[in-house]
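Right, one structure below, let's go through it.
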Number of protein chains: 2
Amino acid sequence: MAPRKQNTQSDKAPALKGVRRSLQVLEYIALNPGRATDVAEGLNVSWATLHRTLSELEQGGFIARDADSNRYSIGPRMWFIGTAYLAEHKMLEAARPYLDAAAEAGDYTVQLVERSGRLAVTLYSYQTAGEVITKSTYGYHFPLHCGSKGQVLLAYSTPADIEEFLAGPLESLTPETVTQPKQLRKTLKEIKSQGYAQTVGDVQQFTGSLSAPVFDRAQQAVGAVCFITKRSAFRDAETLEEILETLLRTAHSTSLALGWRPGA
Amino acid sequence: MAPRKQNTQSDKAPALKGVRRSLQVLEYIALNPGRATDVAEGLNVSWATLHRTLSELEQGGFIARDADSNRYSIGPRMWFIGTAYLAEHKMLEAARPYLDAAAEAGDYTVQLVERSGRLAVTLYSYQTAGEVITKSTYGYHFPLHCGSKGQVLLAYSTPADIEEFLAGPLESLTPETVTQPKQLRKTLKEIKSQGYAQTVGDVQQFTGSLSAPVFDRAQQAVGAVCFITKRSAFRDAETLEEILETLLRTAHSTSLALGWRPGA
DNA sequence: TTCGCTTTATCCGATATACGGATACGCTAT
DNA sequence: ATAGCGTATCCGTATATCGGATAAAGCGAA
């Protein structure tokens, strides 16, 4: 191997290397809990360094190690810190009453999501008790091209942003997931023109979802409201119409509460 | 020659200082979002160092800065990482169906909580839609002596642990919060002998809660199920009895699912 | 059991890296 | 204007961190 490595990133100035690495490790483990060597390999850090990092993180309760298998996963303290994000979240605060009402009104799971990198991240989820929607809770966040929630978020971002996303790897969650950039571009355009997104079976085969964007004072799409329900519901046009109406109303009310004004 | 420090045991051995500090900063901001100087003061770090740390964290999206007020708060990426804790959480997985059922059955908020340091941390919360229970969601975690959930967790920990907790500062959330160690000790004993905890108005004056412990395979109390409802419900003995029954059944089922066996 | 092989733990010197005092800038209030 | 506080940046030095190498511990197979 050539001893010459590096110059991968456009680091101009070396800054807080250890800190950056430790957070990379945390994120890596969040996505991919497992053994130490795998993390080392995945992130290209020398074993000694990684070991030090893991020890430090574990000691603080930021990651947890299963004593038997030596597998690492995210620790309780990270959950504690993470929840503080919601406590300060203005969109969530604005949306909550409307989400409540929507969850009360219908037989579907109601979620509030926002974008984080290449993922649609769920901020809040009102499960319909007794329903089978397994994958839709916290801890499961999907790439933007999967599911109506991600597509809506993507559709309302800048063209440059869309292209950048589409240039990245587009995985399939089910056989029905659309992964051709060309087709996605078309879909995104439609979404933007009709004001909401709808997908069926591209995240889980037995469910489908509808999502509408939420705007803030600056007319920016900052999140989305998403209703998830079982696939069969998507065959009944009347039901669907009703769900859609509630969805749009919920998103609209939330936007208004955030200071958005229609038109512009 | 620098004096050699012992690298053997209980060392103040300098280990990943930057990493540790950055995580302290994150936790501090989680508890106490605000301006940079306050953080510096709160943690006794030199301003220059703190500034570097904050910049690094902000750049990574781990904290967010409000452009106008320069106030820092936890960023979206921390939420993303934190949620991964739940995805791997065995107790939550075991509990979910029972929590679902309980939420369906009654008119109260259903929570699953566990202990983290001096706090009772909420893992999952099924709000009763339309109800007013404001403080009971994520982002609000209470000291162990406040609310039935914390008290139950405390009651089932070791005596040494209890004493250590009681030795720390015991704040009041409402005028009804009990903060005398003596009285708390008595309460804890009662809780342990009756198998559940009940408090009214000590977290919010207009609500009360009932909590029961969850045990794992090793007969350890690893969490608690908590039902929260409005204060008035606590006046009706019959309703209360019914709620209590559901609570105990829910906690019991969860424990069984975790490998706990009655008796021991 | 014994023997390899993979994974985890620890050491240690060189050097790059982060520390923090000092200084400069930019607000807001008076 | 001026004062005062909060924020941003600079730079030399000491020191904390890096990573190769080595040791120990698990794990599976024969």
Side-chain angles (χ1 to χ4, degrees), chain A residues 1-26 28-29 32-60 62-73 75, chain B residues 1-26 28-29 32-60 62-73 75:
Chain A
M1 286 299 153
R4 220 168 272 287
K5 39 180 185 176
Q6 251 74 354
N7 41 7
T8 46
Q9 289 116 339
S10 54
D11 287 299
K12 331 194 156 183
L16 278 298
K17 211 161 52 155
V19 172
R20 180 170 308 191
R21 192 194 47 247
S22 65
L23 290 166
Q24 275 177 355
V25 167
L26 281 169
Y28 187 91
I29 291 179
N32 202 321
R35 289 172 325 181
T37 43
D38 300 330
V39 180
E41 191 173 343
L43 292 176
N44 273 327
V45 232
S46 83
W47 163 258
T49 301
L50 185 98
H51 182 258
R52 239 175 299 127
T53 306
L54 288 177
S55 303
E56 175 68 26
L57 291 176
E58 188 199 354
Q59 201 193 326
F62 300 107
I63 58 179
R65 163 162 61 175
D66 182 61
D68 299 325
S69 63
N70 271 329
R71 288 169 51 87
Y72 289 91
S73 58
Chain B
M1 283 302 157
R4 281 261 164 261
K5 289 193 172 177
Q6 302 315 53
N7 29 2
T8 42
Q9 17 169 325
S10 72
D11 34 19
K12 306 181 123 198
L16 279 297
K17 209 162 54 155
V19 171
R20 180 169 307 190
R21 191 194 47 247
S22 65
L23 289 166
Q24 275 178 356
V25 167
L26 280 169
Y28 187 91
I29 290 179
N32 203 321
R35 288 172 324 181
T37 41
D38 299 330
V39 180
E41 191 174 344
L43 293 176
N44 272 326
V45 239
S46 83
W47 161 256
T49 301
L50 186 98
H51 181 259
R52 239 175 299 128
T53 306
L54 288 178
S55 302
E56 174 67 25
L57 291 175
E58 188 200 355
Q59 200 192 327
F62 299 106
I63 58 178
R65 163 163 60 174
D66 183 62
D68 298 326
S69 63
N70 272 328
R71 288 171 49 89
Y72 288 92
S73 58

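Every chain is numbered from 1 and lettered A, B, ... according to where its sequence line falls, protein lines coming before strand lines. All heavy atoms count here, side chains included; hydrogens, waters and symmetry mates do not.
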| From R65(A) atom CZ to N70(A) atom CG, the distance as rounded to the nearest 0.5 Å | 5.5 Å
| query | Separation of N70(A) atom CG from dA9(C) atom C1', in whole Å? | reply | 11 Å
| message | Ignoring hydrogens, what is the shortest heavy-atom contact between L50(B) and V25(B)? Give both atom names and the distance. | response | CD1-CG2, 4.0 Å
| said: Categorize R35(A) for me: base, sugar-phosphate, or nothing, with a 4.0 angstrom heavy-atom threshold over every strand shown. | reply: sugar-phosphate
Please list every donor-acceptor pair under 3.5 Å in which a side-chain atom of residues 40-49 of chain B meets a protein atom from a residue at least two apart or in another chain.
residue : atom : partner : partner atom : Å
S46(B)  : OG   : T49(B)  : N            : 3.4
S46(B)  : OG   : T49(B)  : OG1          : 3.0

| What does R21(B) touch in the nucleic acid at a heavy-atom separation under 4.0 angstrom: a base, only the sugar-phosphate, or nothing? | sugar-phosphate
| task | Between dT8(C), dA8(D), dG20(C), spot the one nearest the side chain of Y72(B), thanks. | result | dA8(D)
| task | Can you measure from OH (Y72(B)) to CG (D38(B)) and round to the nearest 0.5 angstrom? | result | 12.0 Å
| said: To the nearest 0.5 Å, what is the distance between CZ on R35(A) and OG on S69(A)? | reply: 9.5 Å
| task | Answer with base, sugar-phosphate or nothing: what part of the nucleic acid does R65(A) contact at a heavy-atom distance below 4.0 Å? | result | sugar-phosphate
| message | Tell me the interatomic distance from H51(B), atom NE2, to dC10(D), atom C1', rounded to whole angstroms. | response | 13 Å
| For L54(A) against A36(A), the heavy-atom pair lying closest together | CD1-CB, 3.6 Å
| Rounded to the nearest 0.5 Å, how far apart are CZ of R71(A) and CD1 of I29(A)? | 10.5 Å
| Of the nucleotides dA16(D), dC18(D), dT8(C), which has the atom closest to the T49(A) side chain? | dC18(D)
| Atom-pair distance (CG on L54(A); C1' on dT17(D)), nearest Å | 16 Å
| field | 4.5 Å side-chain heavy-atom contact, R20(A) and E56(B) | value | yes
| Candidates dG20(C), dT17(D), dT9(D) - which lies nearest the side chain of R52(B) | dG20(C)
| What's the CD-C1' distance between Q59(A) and dA9(C), to the nearest Å? | 15 Å
| request: Could you tell me the separation between the CZ atom of R20(A) and the P atom of dT17(C), rounded to a whole number of Å? | output: 12 Å
| field | Distance in angstrom units between L50(B) CG and dG6(D) C1', rounded | value | 12 Å
| field | Interatomic distance where CG belongs to L16(B) and P belongs to dG19(D) [whole Å] | value | 12 Å
| task | Starting at atom CD1 of I63(A), determine the distance to atom P of dT8(C), rounded to an integer number of angstrom. | result | 12 Å
| said: Tell me the closest heavy-atom pair linking Y28(A) and V39(A), and the distance in Å. | reply: CE2-CA, 3.7 Å
| Do any of residues 36-48 of chain B sit with a heavy atom less than 4.0 Å from DNA chain D, and if so which? | A36(B), T37(B), W47(B), A48(B)
| said: If you assign D68(B) and G18(B) each to the DNA chain C nucleotide with the nearest heavy atom, which residue ends up on the more 5' nucleotide? | reply: G18(B)
| note | The answer to which of T53(A) and S69(A) contacts DNA chain D further toward the 5' end, by nearest nucleotide, is T53(A)
| message | Based on the rotation axes of five pairs at each end, what angle does the helix from dT1(C)-dA30(D) to dT30(C)-dA1(D) bend through, to 10°? | response | 50°
| query | Taking all non-hydrogen atoms of both residues, which atom of S22(B) and which atom of L57(B) are closest, and how far apart? | reply | O-CD1, 3.9 Å
